[in-house]
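Excluded from the calculations below are hydrogen atoms, water molecules and symmetry mates; all remaining heavy atoms, backbone and side chain alike, are included.
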Amino acid sequence: MSCTRGWRLILLGLLCVGLLGTRGQDESRKVSVQYNPGSSDTSVNVVHVRAVGDGNTIHYVWSTLGTPTVLLIYTHSETSQLQVNWTKLLSPAPQGALRVEPEESVSYATALLFTRIFEYQDVNNTANFSGTDEKYFYPPYNLSEFLWENANATVNATSLSANLTGSNATDPSGSFHNGSVSFSISAYNTSGRDSSPPRLRHTANCTKLEFLVSGVRPRGNNSRFALEMVTIEKEGRRKMKSVLSIDDEYTPTIFEMMQLVAVAPNSSHARGFLQWKSVAYGSPSGSRADLLPCQLYPLQPLNATFTATSIAHAYFGDDLADAYNLEAFNISFGIADGDFYDKHEFLSWSALIGYGDPPRDSFSILVICIMAVALGTPLLLLIIGTVLVTAVRHKVYPNYQPIN
């Protein structure tokens, strides 16, 4: 009886630890995905993800108009709607072309812009992006100058997904002859874990982006890449946060989760976040052999020289650098003494963009059972040993004759 109780207590405790990470993050939403709402024009891509919850709605607006961008707009209304003035959006002055109505229902808005891809020659195989001499850098790829395919055929209302794929047709090196850069979008209506590496845990309050570089011919034999992004916040700034875990079940040898969370003084409501595992992949298989650790570099405030157009201008207006806090940051991919991009000519990195508290990872049932066995077996042996010793001590020998 004691043994059984001990096992039950151990298993119950581990289950509580596993479930604690998901507690409060199991909200469900009614999610829809729409391409170019209110327009049949396919010269530009606007993908609207609308996630309706209990008394609120999260709007994600992805677009390749100018700089590839995702807007996140949170409203405290279940009926809020995205309105697009297409004439103004496609004009040289798109300010005010995007809005969410009723406007008074909007309680938070932010944006993430994907601005440039850096390629550099890692001659010493150190994967030291920030410490590499400028002479080893190739001209960066400005994503606002890319040609983007019509994404309408990739929008899937069932899987809640879409793909934005582009190439640099003007690159004199011809690197994009058979290659492309893409952003794969996945939305979720409930909590769970993604099926593809790195198996990120998600909630209904976020969407996933997968940044892909595939088939792009490198401009050198030892090429590595880095991605530059820009965040926009009305109040406060973004804060880097590293979250360590003892569990590497889904990403062997990688124990770190990185987060960029929006913080503002005296803020009474939740804000946006960007979360990712510190790993990318150098092949489509996403195998352990092709893991590429990634490095986040410090946020850098942007000044008034930021002129790249995007749908962020269409929503926030033209005075971004004056009225909002803009910060740029880089993520580089690769590890010292590791393989270079040219091995498979493939790079994949995934992240979650959402509102509220970032998802908290938890142990799977398999790991919980393994831990229960690992911790329970010594306890079981200890209990059995104690019982046997106690039984021997109290054993009665009726034929025993004391010796004087």
Side-chain angles (χ1 to χ4, degrees), residues 31-51 58-73 81-100 109-117 141-171 176 179-188 206-216 227-230 232 274 308-316 320 348-351 353:
V31 181
S32 60
V33 182
Q34 188 178 11
Y35 178 77
N36 285 3
S39 174
S40 58
D41 192 334
T42 58
S43 63
V44 63
N45 294 315
V46 175
V47 177
H48 176 216
V49 177
R50 185 170 181 264
I58 305 176
H59 298 268
Y60 304 91
V61 187
W62 299 78
S63 180
T64 54
L65 177 65
T67 301
T69 301
V70 54
L71 289 170
L72 186 156
I73 306 165
Q81 299 288 336
L82 176 70
Q83 302 294 331
V84 183
N85 184 328
W86 285 95
T87 301
K88 181 177 287 189
L89 182 65
L90 300 177
S91 72
Q95 296 79 12
L98 285 178
R99 67 183 189 277
V100 170
T110 186
L112 180 66
L113 291 74
F114 306 92
T115 48
R116 292 185 293 178
I117 298 174
Y141 293 117
N142 193 330
L143 292 176
S144 66
E145 299 174 354
F146 274 40
L147 296 177
W148 298 91
E149 300 175 6
N150 177 6
N152 188 28
T154 71
V155 176
N156 190 317
T158 302
S159 63
L160 304 176
S161 60
N163 292 322
L164 302 173
T165 302
S167 61
N168 188 352
T170 61
D171 177 33
F176 283 83
S180 64
V181 169
S182 63
F183 296 93
S184 295
I185 306 161
S186 299
Y188 308 104
C206 59
T207 61
K208 187 190 82 168
L209 81 92
E210 183 179 8
F211 168 67
L212 292 165
V213 180
S214 179
V216 176
L227 176 64
E228 179 188 69
M229 289 168 276
V230 173
I232 298 176
L274 178 69
T309 59
S310 69
I311 58 165
H313 293 80
Y315 182 79
F316 293 110
L320 282 178
S348 169
W349 172 74
S350 298
I353 299 172

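Taking the side chain as every heavy atom from C-beta outward, L112 and M229 approach each other to under 4.5 Å.
To the nearest 0.5 angstrom, T170 atom OG1 is 7.5 Å from L147 atom CG. If you take OH on Y188 and OG1 on T207, they are separated by 8.0 Å, rounding to the nearest 0.5 Å. To the nearest 0.5 Å, atom CG of residue L65 and atom OG of residue S310 are 8.0 Å apart. Note: S184 OG to E210 CD = 5.0 Å, rounded to the nearest 0.5 Å. From N168, atom CG reaches atom OG of S180 across 12.0 Å, with rounding to the nearest 0.5 Å. Put simply, CG on L164 and CZ on F211 are 13.0 Å apart, with the number rounded to the nearest 0.5 Å.
Taking T154 as the reference, A151, A162, N163 meet the side-chain contact (heavy atoms from CB on, under 4.5 Å) condition, with sequence neighbours excluded. For S350, the side chain to side chain donor-acceptor pair (under 3.5 Å) test picks out no residue, with sequence neighbours left out. Taking S182 as the reference, nothing meets the side chain to side chain donor-acceptor pair (under 3.5 Å) condition, with sequence neighbours excluded. Every residue two or more places apart in sequence or in another chain that forms a ring-ring contact (aromatic ring centres under 6.0 Å, His included) with F176 is listed here: Y141, F146. With sequence neighbours excluded, no residue satisfies side chain to side chain donor-acceptor pair (under 3.5 Å) with S167. Annotation: side-chain contact (heavy atoms from CB on, under 4.5 Å) contacts of Q83 (sequence neighbours excluded): Q81, R99, E101. Partners of S159 by side-chain contact (heavy atoms from CB on, under 4.5 Å), not counting sequence neighbours, listed by chain and number: N156, S161. By the side chain to side chain donor-acceptor pair (under 3.5 Å) test, E228 pairs with T115, R116, sequence neighbours left out.
Heavy-atom minimum distance, P68 versus S144: CD-N, 4.4 Å. Across all non-hydrogen atoms, the minimal contact from P37 to H48 is CG-CB, 4.3 Å. Closest heavy-atom contact between F114 and V70: CE1-CG1, 4.3 Å. Taking each heavy atom of Y315 and L98 in turn, the nearest pair found is CD1-O, 3.5 Å. Across every non-hydrogen atom of F183 and L209, the tightest pair is CD2-CD1, 4.3 Å. Closest of all the heavy-atom pairs between L89 and I311 is CD1-CG2, 4.4 Å.
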Between V46 and W86, does the side chain to side chain contact (heavy atoms under 4.5 Å, CB included) criterion hold? Intermediate values first, please. CA-CA 11 Å; V46 175; W86 285 95; 3.8 Å; yes

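Residue pairs that meet the side chain to side chain donor-acceptor pair (under 3.5 Å) test with at least one member in residues 35-44, sequence neighbours left out, are Y35-N45, Y35-N150, D41-S43.
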